[in-house]
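To find a chain, count down the sequence lines: A is the first, B the second, and so on, and within it residues start at 1. Computation of the quantities below employed the complete heavy-atom set of this structure, encompassing side-chain atoms and omitting hydrogens, waters and symmetry-equivalent molecules.
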Amino acid sequence: LAKTTQPISMDSYEGQEVNITCSHNNIATNDYITWYQQFPSQGPRFIIQGYKTKVTNEVASLFIPADRKSSTLSLPRVSLSDTAVYYCLVAPWGNAGNNRKLIWGLGTSLAVNP
Amino acid sequence: GAGVSQSPSNKVTEKGKDVELRCDPISGHTALYWYRQSLGQGLEFLIYFQGNSAPDKSGLPSDRFSAERTGGSVSTLTIQRTQQEDSAVYLCASSLRGGSSYNEQFFGPGTRLTVL
């Protein structure tokens, strides 16, 4: 099972671009990379998912290099409301049989300052 | 449409008592997950259901923990003889499909369990 490593915390200011990198050296061929956002007293919320290269949606971009041993979540022009914990999750796609044991890292606590 | 709901939102119990935590997934979601999150920590996977079946129970911390799902919908996580170290937020998530594909998980608000 792939394990992930992320910075424990990051600080930023409103309007800046924030990049959070996740290391997953043991990622498997059928693993996908998913990022979630969690606010205090709430469950995590899906942000973006990808397998390789670059994925972009209305809230973020996800960059995955060719070796897939890391990934970077990019949040453009953050605001105060982006202050949250961000989790990188590596999990299998495709017919993974019965193995759905998902290993979450500790996440990155992002603080956006005025 | 309603999201994932969990009840109770808060539960305070005495050490040694049994507790039941309930999860109502999004209608039509066949996959259901239980997680535990201690204060300031990441998510600890507990168990996964595909329909009513739980193929992998190895994430459950001890034999005091059990879970069931009926009718492919509601799930109950039971903790017997609670201990203080069981205090945490218990999160439930559902997704449209599991097993054959990894889909987005939708999380409930969690149940905060405090064992005195």
Side-chain angles (χ1 to χ4, degrees), chain A residues 1-9 20 22 24 27-51 55 57 59-60 62 84-111, chain B residues 3-6 9-10 21 23-26 29-51 53-61 67 69 88-112:
Chain A
L1 295 173
K3 293 185 178 179
T4 61
T5 304
Q6 304 175 232
I8 295 297
S9 63
I20 305 174
C22 178
H24 28 79
I27 191 168
T29 302
N30 62 343
D31 283 338
Y32 269 65
I33 300 153
T34 309
W35 285 80
Y36 285 82
Q37 176 191 57
Q38 185 177 28
F39 297 113
S41 301
Q42 295 185 24
R45 183 179 68 171
F46 174 94
I47 301 175
I48 197 167
Q49 179 174 272
Y51 184 81
V55 179
N57 62 22
V59 297
L62 178 59
V85 177
Y86 292 82
Y87 292 96
C88 163
L89 175 66
V90 173
W93 185 279
N95 189 359
N98 292 325
N99 182 8
R100 298 301 301 165
K101 190 171 184 177
L102 304 177
I103 299 178
W104 294 63
L106 294 178
T108 297
S109 180
L110 172 66
Chain B
V4 177
S5 62
Q6 293 185 244
S9 55
N10 280 285
L21 311 180
C23 173
D24 283 89
I26 293 173
H29 280 195
T30 58
L32 186 146
Y33 304 79
W34 281 100
Y35 295 92
R36 178 169 71 174
Q37 187 171 34
S38 301
L39 187 63
Q41 299 297 307
L43 276 72
E44 176 188 2
F45 172 89
L46 297 179
I47 194 169
Y48 153 74
F49 285 92
Q50 176 57 39
S53 299
D56 185 356
K57 300 181 180 179
S58 64
L60 294 175
R69 189 180 185 193
V89 175
Y90 289 81
L91 290 161
C92 174
S94 69
S95 66
L96 189 56
R97 287 181 298 170
S100 61
S101 65
Y102 175 62
N103 283 29
E104 175 183 350
Q105 294 180 61
F106 295 82
F107 282 82
T111 293
R112 182 176 297 279

Subject >> Steps toward side chain to side chain contact (heavy atoms under 4.5 Å, CB included) verdict (A/Y36, B/Q105) >> reply: CA-CA 9 Å; A/Y36 285 82; B/Q105 294 180 61; 3.4 Å; yes

Original post:
Listed by chain and number, what are the side chain to side chain donor-acceptor pair (under 3.5 Å) partners of A/Y86, not counting sequence neighbours?
Top reply: A/Q37

Original post:
For B/L91, is it the side chain, the backbone, both or neither that has a heavy atom under 4.5 Å from a heavy atom of chain A?
Top reply: side chain

Subject >> Contacting region of B/Q37 [heavy-atom separation from chain A under 4.5 Å] >> reply: side chain

**OP:** Would you mind telling me which of A/Q38, A/R45, A/Q42 has the largest number of heavy-atom pairs within less than 4.5 Å of chain B?
**Re:** A/Q38

Original post:
Which value, rounded to the nearest 0.5 Å, describes the distance between B/F107 atom CZ and A/F46 atom CZ?
Top reply: 12.0 Å

Subject >> Where B/L43 and A/P44 come nearest, the two heavy atoms and their spacing >> reply: CD2-CG, 3.9 Å

Subject >> Residues that B/T111 engages under side chain to side chain donor-acceptor pair (under 3.5 Å), provided they are two or more places apart >> reply: none

